[in-house]
Student: 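Here it is: the structure, laid out below.
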Amino acid sequence: MLNKEIKSILEKSKKWGWVLEPDAKRIFSLAGFQTPKFAVAKKAEEAIEAARKIGYPVVVKIVSPEIIHKSDVKGVVIGIKDDERLVAVLERFRKLPGFAGMLIDEMASGVELIIGAKNDVQFGPMMLLGFGGVGVEIYKDVSLRMAPLSNAHVEGMMKELKAYPLLTGYRGAKPVNISAIQKTLIRFSKLMMDMKDYFESVDLNPVMCSDKSCTIVDARIMLKK
């Protein structure tokens with residue numbers, strides 16, 4: 001599953017110790033995962049062109065090898081609806097340490113899940129599934145398994161979650177596409193097995209899952225030292 005471009009991204013990212021989000025999304029896109037439409041811009045005219053092409057409203061994020069936790073520096077802004085606001089945020093991002101551009105993302109909707117992996121010294125890649133977003137550390141509603149995963153493993157992981165009813169159509173909401181979650185997790189576990197010589201941990205948070213599909217909205221890959 002690791003083609004030349006994926007390997008090239010991983011190798012060039014070693015100097016930072018982690019993979020910048022646009023490159024991480026490129027890896028997952030190349031590996032067959034669904035990602036939002038996205039672009040990276042450094043200048044106002046580039047940002048405006050990209051946002052109009054993607055379609056307002058958009059989400060924007062700081063791209064910097066010096067900033068791993070973007071929310072700590074207010075480096076994520078959602079729901080930008082026009083050129084003026086877009087350019088104002090870009091100008092603020094320019095002043096942040098190590099500015100390398102602004103990531104412009106298509107908006108996605110659905111139930112927020114977290115999918116992750118930790119490369120355990122003894123057991124190899126350990127897979128995590130839980131309910132994601134900003135509340136992930138508060139609710140700690142997660143399930144763990146060793147890679148590689150099967151359909152049965154994924155089904156068990158989902159049913160272990162306290163908030164599992166949110167996936168099946170809680171209080172009249174549309175049920176999430178369970179098959180899309182299964183396919184995403186199984187593909188993810190295979191990719192992590194292929195990447196086990198490179199990574200220390202991977203966080204996909206959130207993965208937006210709807211009645212149609214699962215989209216990787218944010219991706220962070222920490223590399224082995």
Side-chain angles (χ1 to χ4, degrees), residues 1-2 6 19 21 24-38 54-55 57-59 76 78-79 105-120 123-196 199 201-221:
M1 198 182 274
L2 299 189
I6 291 175
V19 182
E21 188 180 347
K25 279 195 172 137
R26 179 63 180 157
I27 286 174
F28 284 103
S29 178
L30 287 166
F33 294 81
Q34 182 161 321
T35 60
K37 295 175 188 171
F38 68 91
I54 290 167
V58 294
V59 179
V76 179
I78 63 172
D105 261 347
E106 176 186 24
M107 293 275 284
S109 60
V111 174
E112 290 182 278
L113 297 180
I114 179 171
I115 293 174
K118 183 162 179 147
N119 206 347
D120 187 86
F123 299 109
M126 298 292 297
M127 302 294 106
L128 176 146
L129 171 67
F131 281 84
V134 293
V136 64
E137 291 177 6
I138 298 171
Y139 301 119
K140 295 179 180 175
D141 189 9
V142 298
S143 180
L144 299 167
R145 292 290 188 284
M146 286 174 59
L149 299 177
S150 66
N151 278 324
H153 290 139
V154 176
E155 186 175 352
M157 292 172 82
M158 286 189 288
K159 289 182 176 177
E160 282 176 10
L161 301 174
K162 298 183 194 77
Y164 175 67
L166 293 176
L167 301 180
T168 57
Y170 186 67
R171 292 195 169 178
K174 279 187 179 180
V176 169
N177 188 327
I178 297 296
S179 176
I181 297 175
Q182 288 177 323
K183 287 176 183 174
T184 300
L185 262 168
I186 289 169
R187 186 182 291 271
F188 178 70
S189 80
K190 288 177 181 174
L191 179 61
M192 293 302 99
M193 292 297 287
D194 290 343
M195 280 176 50
K196 66 183 178 182
F199 86 94
S201 66
V202 177
D203 285 310
L204 309 181
N205 182 29
V207 178
M208 291 294 212
C209 291
S210 67
D211 58 321
K212 296 183 177 65
S213 61
C214 287
T215 303
I216 295 172
V217 172
D218 199 311
R220 187 172 70 217
I221 302 171

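Index from 1, following the sequence. Below, each value reflects all heavy atoms present in this structure, side chains not excepted, and no hydrogens, waters or symmetry copies.
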Student: Working to the nearest 0.5 angstrom, can you tell me the gap between Leu128 CG and Asp203 CG?
Tutor: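 Reported to 0.5 Å precision, the distance equals 8.0 Å.
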
Student: Could I get the full list of salt bridge (charged side-chain N to carboxylate O under 4.0 Å, His left out) partners for Lys183, not counting sequence neighbours?
Tutor: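 Lys183: no salt bridge (charged side-chain N to carboxylate O under 4.0 Å, His left out) contacts found.
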
Student: Would you please name every residue forming a side-chain hydrogen bond (donor to acceptor under 3.5 Å, both in side chains) with Asn177, sequence neighbours left out?
Tutor: none

Student: Donor-acceptor pairs are to be reported for all side-chain atoms of residues 145-152 against protein atoms at under 3.5 Å, with residues two or more places apart or in another chain.
Tutor:
residue	atom	partner	partner atom	Å
Arg145	NH1	Ser143	OG	3.3
Arg145	NH1	Glu160	OE1	3.3
Arg145	NH1	Glu160	OE2	3.3
Arg145	NH2	Glu160	OE2	2.7
Ser150	OG	Ala152	N	3.4
Ser150	OG	His153	N	3.2
Ser150	OG	His153	ND1	3.1

Student: Give the minimum heavy-atom separation between Gly116 and Phe188, together with the two atoms involved.
Tutor: O-CE2, 3.4 Å

Student: Looking at CE of Met126 and CG of Leu144, how far apart are the two atoms once the value is rounded to the nearest 0.5 Å?
Tutor: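 Reported to 0.5 Å precision, the distance equals 5.5 Å.
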
Student: Do you know which two heavy atoms are closest between Ala219 and Leu204, and how far apart they sit?
Tutor: CB-CD2, 3.7 Å

Student: Do Asn119 side-chain atoms and Phe199 backbone N/O form a donor-acceptor pair below 3.5 Å?
Tutor: yes

Student: Which pair of heavy atoms, one from Ala31 and one from Arg187, lies closest together, and at what distance?
Tutor: O-NH1, 3.1 Å

Student: Considering residues at least two apart in sequence or located in another chain, which fulfil the side-chain contact (heavy atoms from CB on, under 4.5 Å) criterion with Leu166?
Tutor: Phe131, Ala163, Tyr170

Student: Got a sec, which residues hit side-chain contact (heavy atoms from CB on, under 4.5 Å) with Lys174, two or more places apart in sequence or on another chain?
Tutor: Asp211

Student: Which pair of non-hydrogen atoms, one from Met107 and one from Gly79, has the smallest distance, and what is that distance?
Tutor: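 Answer, listing the atom of Met107 first, then Gly79: SD-N, 3.8 Å.
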
Student: Could you measure the distance from the CD1 atom of Ile115 to the SG atom of Cys209? Nearest 0.5 Å is fine.
Tutor: 6.0 Å

Student: What residues, two or more places apart in sequence or in another chain, satisfy salt bridge (charged side-chain N to carboxylate O under 4.0 Å, His left out) together with Asp120?
Tutor: none

Student: Please list, chain by chain and in numerical order, all residues satisfying side-chain hydrogen bond (donor to acceptor under 3.5 Å, both in side chains) with Glu106, sequence neighbours excluded.
Tutor: none

Student: Can you see which heavy atom on Ala108 is nearest to which on Met208, and at what distance?
Tutor: O-CE, 3.7 Å

Student: Could you pull out the closest heavy-atom pair between Ala24 and Val19, with the gap in Å?
Tutor: N-CG1, 3.4 Å

Student: CD1/Ile114 to CG/Asp141 distance, rounded to the nearest 0.5 angstrom?
Tutor: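 It comes to 11.5 Å.
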
Student: Counting only heavy atoms from other residues, nucleotides and ligands, does the tally under 6.0 Å from CD1 of Ile178 exceed 12?
Tutor: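 For Ile178, atom CD1 is crowded (more than 12 foreign heavy atoms under 6.0 Å).
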
Student: With Thr215, which residues qualify under side-chain hydrogen bond (donor to acceptor under 3.5 Å, both in side chains), at least two apart?
Tutor: Gln34

Student: Among all residues two or more places apart in sequence or in another chain, which pass the salt bridge (charged side-chain N to carboxylate O under 4.0 Å, His left out) test with Lys196?
Tutor: none

Student: How long is the gap from CG on Leu30 to CZ on Arg26, to the nearest 0.5 Å?
Tutor: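 One finds 4.0 Å between CG of Leu30 and CZ of Arg26.
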
Student: Report the residues that fulfil side-chain contact (heavy atoms from CB on, under 4.5 Å) with Lys212, sequence neighbours left out, ordered by chain and then residue number.
Tutor: Ser210

Student: Test of understanding: with ring pair (Phe, Tyr, Trp, His ring centres under 6.0 Å), list the residues that count as partners of Phe28, not counting sequence neighbours.
Tutor: Phe33

Student: Looking at Asn205, Thr184, Leu185, Ile181, which one forms a side chain to side chain contact (heavy atoms under 4.5 Å, CB included) with Leu113?
Tutor: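 Filter result, single survivor: Ile181.
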
Student: CD/Gln182 to CE/Met157 distance, rounded to the nearest 0.5 angstrom?
Tutor: 11.5 Å

Student: List the residues meeting side-chain contact (heavy atoms from CB on, under 4.5 Å) with Lys25, not counting sequence neighbours, and say none if there are none.
Tutor: Glu21, Pro36, Phe38, Lys61, Leu103, Asp105

